[in-house]
Student: 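Take a look at the following structure, please.
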Amino acid sequence: MARRTKIYEGKAKIMYEGPEPGTIVQYFKDDATAFNAEKKAVIEGKGVLNNRLSEYFMTGLNLVGVPTHFIRRLNMREQLVRSCEIIPLEVIVRNFAAGSLSKRLGIEEGTQLPRPIVEYCYKDDALGDPLVSEEHIAAFGWASPQDMDDVLSLALRVNDFLTGVMYGVGIRVVDFKIEIGRVYDGDFQRLIVADEISPDSCRLWDIETGQKLDKDVFRRDLGSLTDAYSEVARRLGVMPKNTQVTKPTLIN
Ligand code: UDP
C-alpha cells in the first residue's frame with residue numbers, strides 16, 4: 001500500500017494528504033497536552049471520542065448552514081476534511097467567565113457574562129498564543145477587517161448552535177475555541193469553520209451539578225478524561241457502539 005504523505009503533525013492531530021486534491025485526512029491522536037505542552041499524557045480512546053464528537057458538531061453546523069471543513073468521517077480516528085488556509089488565530093467565545101479571562105480580569109469562574117465575548121489569540125506556540133486585538137490582526141495582515149466581520153459572525157453562529165445543542169443534554173457551554181479557514185471557490189474566497197470542535201477545545205459543565213466534562217479534567221487533575229468525554233458522547237447519542245465496555249452476562 002502506498003505510504004501517505006504527512007502534511008503536519010500537531011499536539012492532538014496529524015494531517016495527511018487526502019485522496020483528492022483539496023482534501024485532507026485529519027487523524028485524531030490520543031495525546032493530551034496542556035499549559036502549552038508542559039503537561040503531557042496519552043489518554044487511550046480520546047482520539048476516537050474527539051473524532052466522533054467533532055463529526056457530530058461539524059455535521060450539525062453544516063446542516064444548519066454554518067459552513068465547515070468537514071466532509072465525512074472515514075473510520076474510528078480519521079475524517080476527511082476540505083483543505084483550507086488557516087487564519088492564524090484562535091477564536092475564543094465565552095458565555096461564562098473561566099480560565100484565562102477569570103485570571104486576567106479577576107472575575108470568579110462561572111460568572112455569567114453580560115453577553116457572549118469573542119476574543120482572538122495569535123497562534124504561536126513559542127509565544128504562548130498571546131491575546132491580540134483587531135488592530136494587531138489588521139496591522140499585521142493576519143486577516144482583513146472584512147474577514148473579521150465574517151469571523152465574528154461565524155463565531156457567534158457556532159456559539160448559538162453549540163449552546164442550544166448542549167443545553168438539550170444538560171450541559172453548559174462555558175467557552176470554546178474554534179479556528180477559521182479560507183477556501184477559494186473560483187475567484188471568490190469564503191471563510192469556513194476548520195480544525196475541530198470537541199471537549200479538548202471547549203469548557204463544558206453539567207448544568208445541574210457543575211461537573212466539568214472537558215479538558216480541564218486533565219489540566220486540573222479532576223479524574224478520568226475518557227469518562228468525562230464518554231459522558232458527553234453518551235448524552236449526545238454518539239457513543240461508538242464497539243467501544244462500549246459491557247460486563248459479561250452470566251447464563252444460568
Ligand atoms: N482553548 C483551546 N486551545 C488553546 C487555548 C484555549 O482549545 O490553545 C480553549 C479552552 O479549552 C477553553 C477556551 O479556549 O475552552 C478558553 O481558554 P482560556 O483562554 O481560558 O485558556 P486556558 O485557561 O485554557 O489556558
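Atoms within a ligand are numbered from 1 in the order they appear, just like the ligands themselves. For the numbers below, each heavy atom of this structure counts, side chains included, while hydrogens, waters and symmetry mates do not.
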Student: Hey, are Ser100 and Arg94 close enough side-chain-wise for a donor-acceptor pair under 3.5 Å?
Tutor: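 Checked: Arg94/Ser100 side chains pair up, N/O donor to acceptor below 3.5 Å.
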Student: Can a cation-pi geometry be assigned to Arg172 and Tyr167, taking NZ or CZ under 6.0 Å from the six-membered ring centre and within 45° of the ring axis?
Tutor: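 The answer is no; the distance or angle limit is not met.
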Student: Regarding Asp185 and Arg82, does a basic nitrogen lie under 4.0 Å from an acidic carboxylate oxygen?
Tutor: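 A salt bridge links Asp185 with Arg82.
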Student: Between Arg104 and Glu119, is there a salt bridge with N-O shorter than 4.0 Å?
Tutor: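 Yes, charged N to carboxylate O under 4.0 Å.
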Student: Between ligand 1 and the protein, which N/O pairs fall short of 3.5 Å?
Tutor:
{"residue": "ligand 1", "atom": "8 (O)", "partner": "Glu90", "partner atom": "OE1", "Å": "3.0"}
{"residue": "ligand 1", "atom": "8 (O)", "partner": "Glu90", "partner atom": "OE2", "Å": "3.4"}
{"residue": "ligand 1", "atom": "11 (O)", "partner": "Arg219", "partner atom": "NH2", "Å": "2.9"}
{"residue": "ligand 1", "atom": "15 (O)", "partner": "Asp175", "partner atom": "OD1", "Å": "2.6"}
{"residue": "ligand 1", "atom": "15 (O)", "partner": "Arg203", "partner atom": "N", "Å": "3.4"}
{"residue": "ligand 1", "atom": "19 (O)", "partner": "Arg94", "partner atom": "NH2", "Å": "2.7"}
{"residue": "ligand 1", "atom": "19 (O)", "partner": "Ser100", "partner atom": "OG", "Å": "2.5"}
{"residue": "ligand 1", "atom": "20 (O)", "partner": "Arg94", "partner atom": "NH1", "Å": "3.4"}
{"residue": "ligand 1", "atom": "20 (O)", "partner": "Arg94", "partner atom": "NH2", "Å": "3.3"}
{"residue": "ligand 1", "atom": "20 (O)", "partner": "Ser100", "partner atom": "N", "Å": "2.8"}
{"residue": "ligand 1", "atom": "20 (O)", "partner": "Ser100", "partner atom": "OG", "Å": "3.4"}
{"residue": "ligand 1", "atom": "20 (O)", "partner": "Arg203", "partner atom": "NH1", "Å": "3.0"}
{"residue": "ligand 1", "atom": "23 (O)", "partner": "Ser100", "partner atom": "N", "Å": "3.3"}
{"residue": "ligand 1", "atom": "23 (O)", "partner": "Arg203", "partner atom": "NH2", "Å": "3.0"}
{"residue": "ligand 1", "atom": "24 (O)", "partner": "Arg203", "partner atom": "NH2", "Å": "3.2"}

Student: For Lys123 and Glu179: C-alpha separation, side-chain torsions, deciding distance, then whether side-chain contact (heavy atoms from CB on, under 4.5 Å) applies.
Tutor: CA-CA 10 Å; Lys123 264 168 71 76; Glu179 294 184 23; 3.2 Å; yes
Student: Show which side-chain atoms of residues 124-142 pair as donor or acceptor with protein atoms under 3.5 Å away, not counting sequence neighbours.
Tutor:
{"residue": "Asp124", "atom": "OD1", "partner": "Ala126", "partner atom": "N", "Å": "3.0"}
{"residue": "Asp124", "atom": "OD1", "partner": "Leu127", "partner atom": "N", "Å": "3.2"}
{"residue": "Asp125", "atom": "OD1", "partner": "Lys11", "partner atom": "NZ", "Å": "3.3"}
{"residue": "Asp129", "atom": "OD1", "partner": "Asp124", "partner atom": "N", "Å": "2.9"}
{"residue": "Ser133", "atom": "OG", "partner": "Glu135", "partner atom": "N", "Å": "3.2"}
{"residue": "Ser133", "atom": "OG", "partner": "His136", "partner atom": "ND1", "Å": "3.1"}
{"residue": "His136", "atom": "ND1", "partner": "Ser133", "partner atom": "N", "Å": "2.9"}

